[in-house]
Amino acid sequence: MPETATHSTGSDPNCIFCKIAAGTIPCHKIYEDTNVLAFLDIGPIVRGHTLVIPKRHTVNYLDCPPEIAAGIAQVMPRLCRAVVAATGAKACHVLVNNGPEAMQSVMHLHQHILPRFDGDHFHLPWPAQKLDSGEAAEIAAALRECLKA
Ligand code: AMP
Ligand code: ZN
């Protein structure tokens, strides 16, 4: 039976995950505290596919204040262990899509927890290439420069 969440602040009236956090749209809730809600994904890629959201609206990690990120980080190890234990999985992915170009379809920050089973046939493409040392020096320098701001 879907349940409703009980607490929410900093909400966007047009956002479906804000509505779930506010309790106006039901979800299959698995965890809730003052800052965070976790519930089952309505379109699971694998059995036990779970979403973890901050109750306060933020679009993604490109937009996210550190205190919201900290609230999620605080509970992720416990939630990952619960998802793995409850499903009998051996392992899990933790995945965040940040922006439409990175496959984000719901514009409220969410972490996917994807339990993995032997022979589950789920395939995450990972076309690894060799890191070019010249390019690596350039991009690392650019990143360090951005982090100075
Ligand atoms: P993303 O592509 O990373 O933005 O993922 C959005 C996820 O939200 C998808 O996996 C959807 O299946 C899931 N989703 C969308 N609406 C709901 C909902 N009402 N309840 C639970 N999961 C949802
Ligand atoms: Zn929202």
Side-chain angles (χ1 to χ4, degrees), residues 1-129 131 135-136 139-140 142-144 146-147 149:
M1 184 69 157
E3 292 180 61
T4 53
T6 55
H7 189 276
S8 169
T9 54
S11 162
D12 173 341
N14 299 314
C15 171
I16 189 163
F17 285 180
C18 281
K19 290 177 186 168
I20 289 175
T24 55
I25 288 184
C27 67
H28 290 279
K29 180 166 75 179
I30 65 165
Y31 173 83
E32 179 175 19
D33 65 29
T34 312
N35 303 309
V36 174
L37 180 70
F39 51 95
L40 293 181
D41 194 300
I42 205 169
I45 292 175
V46 289
R47 191 169 66 87
H49 183 168
T50 295
L51 299 177
V52 186
I53 67 167
K55 289 185 173 179
R56 270 176 62 192
H57 182 82
T58 189
V59 173
N60 56 39
Y61 276 129
L62 302 174
D63 166 69
C64 180
E67 64 274 15
I68 292 186
I72 298 174
Q74 195 72 31
V75 293
M76 282 307 288
R78 193 170 155 216
L79 290 173
C80 287
R81 285 193 291 268
V83 170
V84 165
T87 57
K90 293 266 186 348
C92 68
H93 297 283
V94 171
L95 194 80
V96 183
N97 298 326
N98 295 286
E101 296 80 1
M103 291 172 54
Q104 185 177 9
S105 61
V106 175
M107 295 298 139
H108 179 128
L109 174 65
H110 49 283
Q111 304 242 7
H112 296 260
I113 303 177
L114 298 165
R116 296 304 305 269
F117 308 88
D118 280 341
D120 60 20
H121 302 303
F122 175 70
H123 179 61
L124 196 61
W126 201 274
Q129 298 163 47
L131 183 64
E135 195 184 335
I139 189 69
L143 287 164
R144 286 191 297 267
C146 284
L147 285 166

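We use all heavy atoms of the structure for the numbers below, so side chains are in, but hydrogens, waters and symmetry mates are not. Whatever order the structure lists them in is the order used to number ligands and atoms, beginning at 1.
- Distance alone, capped at 3.5 Å, places no donor-acceptor pair between the D41 side chain and the H49 backbone.
- Rounded to the nearest 0.5 angstrom, R56 CZ and T34 OG1 are separated by 13.0 Å.
- Side-chain atoms of L37 and F17, non-hydrogen and from C-beta on, never get closer than 4.5 Å to each other.
- Residues Y31 and T50 form no side-chain contact, since every pair of their non-hydrogen atoms from C-beta on lies 4.5 Å or further apart.
- How far NE2 of H110 is from CG of N97: 6.0 Å, rounded to the nearest 0.5 Å.
- Ligand 1 is approached by I20 to a heavy-atom distance shorter than 4.0 Å.
- Residue-to-ligand polar distances keep Q104 apart from ligand 1: every N/O pair is separated by 3.5 Å or more.
- In terms of protein heavy-atom proximity, atom 8 (O) of ligand 1 is nearest to F17 CZ, 3.5 Å.
- Of all protein heavy atoms, the one closest to atom 2 (O) of ligand 1 is M103 O, 2.8 Å.
- Side-chain atoms of H108 come within 3.5 Å of backbone atoms of P54 as a donor-acceptor pair (strictly under, hydrogens ignored).
- I42 N, 3.3 Å is the protein heavy atom nearest to atom 21 (C) of ligand 1.
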**Request:** Show your working on side-chain contact (heavy atoms from CB on, under 4.5 Å) between I113 and M76 and close with a plain yes or no.
**Result:** CA-CA 9 Å; I113 303 177; M76 282 307 288; 3.8 Å; yes
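- Residue contacts with ligand 1 do not include M107, since none of its heavy atoms lies under 4.0 Å from the ligand.
- Closest approach between the Zn ion (ligand 2) and any N/O/S atom of H108 involves ND1.
- Taking atom 4 (O) of ligand 1 as the reference point, the nearest protein heavy-atom neighbour is S105 N, 2.6 Å.
- Note that NE2 of H121 and CG of D118 are 11.0 Å apart. Values are rounded to the nearest 0.5 Å.
- Near I16, the atoms of ligand 1 lying under 4.0 angstrom from a non-hydrogen atom of the residue are 19 (N).
- The ligand atoms of ligand 1 that sit less than 4.0 angstrom from a heavy atom of G43 are 12 (O).
- Rounded to the nearest 0.5 angstrom, H93 NE2 and R116 CZ are separated by 4.0 Å.
- Heavy-atom proximity to atom 9 (C) of ligand 1, evaluated over L95, D41, L51, V106, is greatest for D41.
- Counting non-hydrogen atoms of other residues, nucleotides and ligands closer than 6.0 Å to CD of E67 gives a total above 12.
- Between H49 and ligand 1, a contact under 3.5 Å exists for no N or O pair.
- The nearest protein atom to atom 6 (C) of ligand 1, hydrogens excluded, is given as H110 NE2, 3.4 Å; this is a heavy-atom distance.
- The distance from the SG atom of C18 to the CD1 atom of I53 is 7.5 Å, given to the nearest 0.5 Å.
- The closest approach between a heavy atom of L40 and any atom of ligand 1 is below 4.0 Å.
- Residue N97 has at least one heavy-atom neighbour below 4.0 Å for each of these atoms of ligand 1: 1 (P), 2 (O), 3 (O).
- Under the 4.0 angstrom criterion for non-hydrogen atoms, H28 is not in contact with ligand 1.
- Near F39, the atoms of ligand 1 lying under 4.0 angstrom from a non-hydrogen atom of the residue are 21 (C).
- The N, O or S atom of H57 with the smallest distance to the Zn ion (ligand 2) is ND1.
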